[in-house]
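Accompanying notes for the structure given below.
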Amino acid sequence: MSDGRKRFNRRALLVGGAAIYGASLVAKTGRAAEPTKDAPLTLTAKPGTAQILKDQTTDIWGYSGTVPGPVIRVRQGDDLHLRFRNEIEHASTIHWHGIRIDNAMDGVPGLTQKPVANGDGFTYRFTCPDAGTYWYHPHKMSSEQIARGLYGALIVEERVPLEVDQDHALLFDDWRLTEDGQIHEASFGAMHDRAHAGRYGNTFSLNGTTDHVLPVRSGDRLRLRFVNVANANVFAVRIADHALTQIAVDGQPIPPTPATDGLVLLGPGQRTDVIVDAMGQPGTSAEIQLLTRRTVETVGQLAYTDETPRRTARSRAPIVLPKNALPETLDLENAIDIDIPMEGGAMGRMSGAMVDGAWMGMREMVRKKRYAWALSGKAGMSMTPHFTVKRGQTVRLTFRNKTMWPHAMHVHGHHFKEVGATASEPWYRDTIMLFRGQTKTVAFVADNPGKWMLHCHMLEHHEAGMGTWFEVTA
Ligand code: C2O
Ligand code: CU
């Protein structure tokens, strides 16, 4: 390495700071996963501490004991082979959000695997078919486990890398902290959060700290991979005085799209990759901000070094990503239509829903099951799938948000496209936002056999009944 950086140690799991591997000169966060023939990586969920605030440390749960967990990088088409160890006091699993994965590796307890008890482990091994930005998190009591810090970025690299100077995952979160900087435990599972917007925080972070510093050299072209890992909060992300060009959403490439007003909207679970040409003056800085419904939160900054600019004009290198091999043709003529009215929540006037196969009034639902929401008139997971389709069938889902709250609907194992005349996001996604009163129709080819979840990624909503599953038969 001509610039004096150390050659990346491929054996070490790298956390935090920029790293380099291979012959590439791109500054990157994370590591390359080992090729299949090598021993698996180890990832342990365990208690740790984090410097979220400047002057207080916070007890967290994290992968490798850190928040976020290690950035995992694999090359497109390669296997990720990883030994999960559980050292937290709950049972847990790992879900690989957005990966079109082998069903047995999807990490959903009770549906695709047994929960992994404290002291136990599980070996995940699967192919990553699509390049892009993904993330991993538990799928067991996730409203608490993710809120305590269990999450990390999973980056699948294109076979031919995009020409950029830096490539980083930026994970945005909110935390509900007590006055002494500890996670507010008393409100885990609070019925109020479950029936309203979900668990909102009072402290906002980027990669586990409220003041993340990303050093840049003037003229650098950055590829930033934004991930919203918050339980329920919806963020609009911006970097002061910097234009953002979106090149991918939820891992899947889109035609380069300048962000309107410099803002990109991210619901829980969603990702977007942006290109930023950092053309500020050496020695200056620019704030990275989250706009929430009521506030503007600064969570970090681009900090320009004093180095002479790498470029004085924007890079001309193309920023178009190659498409992933998703099924291109949606057979909408012969699609199976599934109508998914979304009901319930505070001020929602839902009278009741089917729970475990029998109708239950709203009050009883709340009291007995702590449920507050329903999809298609059913609350919570049932023994039988919401629908069953044959492999290869095109499925069209119509989500109707009849509630007073926003929701982030997520489908496992597949990416869907918004369809219909009013499609505002005609891109492949795995998680789609529906604000109050909105109806959106999405379609996908059910080409991945297995049992797949379909749920709201506002984690309290999911646990309060807004989650179901479907089956794709071989
Ligand atoms: Cu990111 Cu079912 O989850
Ligand atoms: Cu929801």
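Remember, predicted model here, so these are calculated numbers, not experimental data. Every number for a ligand or one of its atoms is a count from 1 in the order of the listing.
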Item to check | Side chain proximity check, Asn233 to Phe204, heavy atoms < 4.5 angstrom | outcome: yes
Item to check | Criterion side-chain contact (heavy atoms from CB on, under 4.5 Å) against Val264, the qualifying member of Val237, Thr245, Asp273 | outcome: Val237
Item to check | For atom 1 (Cu) of ligand 1: the N/O/S atom of His97 at shortest distance | outcome: ND1
Checklist entry - Can we say Asp430 and Arg271 salt-bridge, meaning some charged N sits less than 4.0 Å from an Asp/Glu carboxylate O? => result yes
Item to check | atom 1 (Cu) of ligand 1: angle it makes with NE2 (His137) and NE2 (His457), nearest 10 degrees | outcome: 110°
Item to check | Carboxylate-amine/guanidinium contact Arg225 Asp167, below 4.0 Å | outcome: yes
Item to check | NZ (Lys440) with more than 12 external heavy atoms under 6.0 Å | outcome: yes
Item to check | Contact check: His410 to atom 2 (Cu) of ligand 1, N/O/S below 2.8 Å | outcome: no
Next on the checklist: Tell me whether the Cu ion (ligand 2) has His462 as a neighbour, meaning an N, O or S atom of it below 2.8 Å.
Outcome noted: no
Checklist entry - What is the name of the N/O/S atom in His412 that sits closest to atom 2 (Cu) of ligand 1? => result NE2
Item to check | atom 2 (Cu) of ligand 1 to nearest N/O/S of His95 less than 2.8 Å | outcome: no
Next on the checklist: Under 2.8 Å from the Cu ion (ligand 2) - does any N, O or S atom of Cys456 fall there?
Outcome noted: yes
Checklist entry - With no hydrogens and no angle check, is any side-chain donor or acceptor of Gln145 less than 3.5 Å from a backbone partner on Lys140? => result yes
Checklist outcome for this item: Of all N, O or S atoms in His407, the one closest to the Cu ion (ligand 2) is ND1
Next on the checklist: Please determine whether His139 has a backbone or side-chain N, O or S atom lying under 2.8 Å from atom 2 (Cu) of ligand 1.
Outcome noted: yes
Checklist outcome for this item: Here the N/O/S atom of His461 closest to the Cu ion (ligand 2) would be ND1
Checklist entry - Is the closest side-chain heavy-atom distance between Arg148 and Ile60 below 4.5 Å? => result no
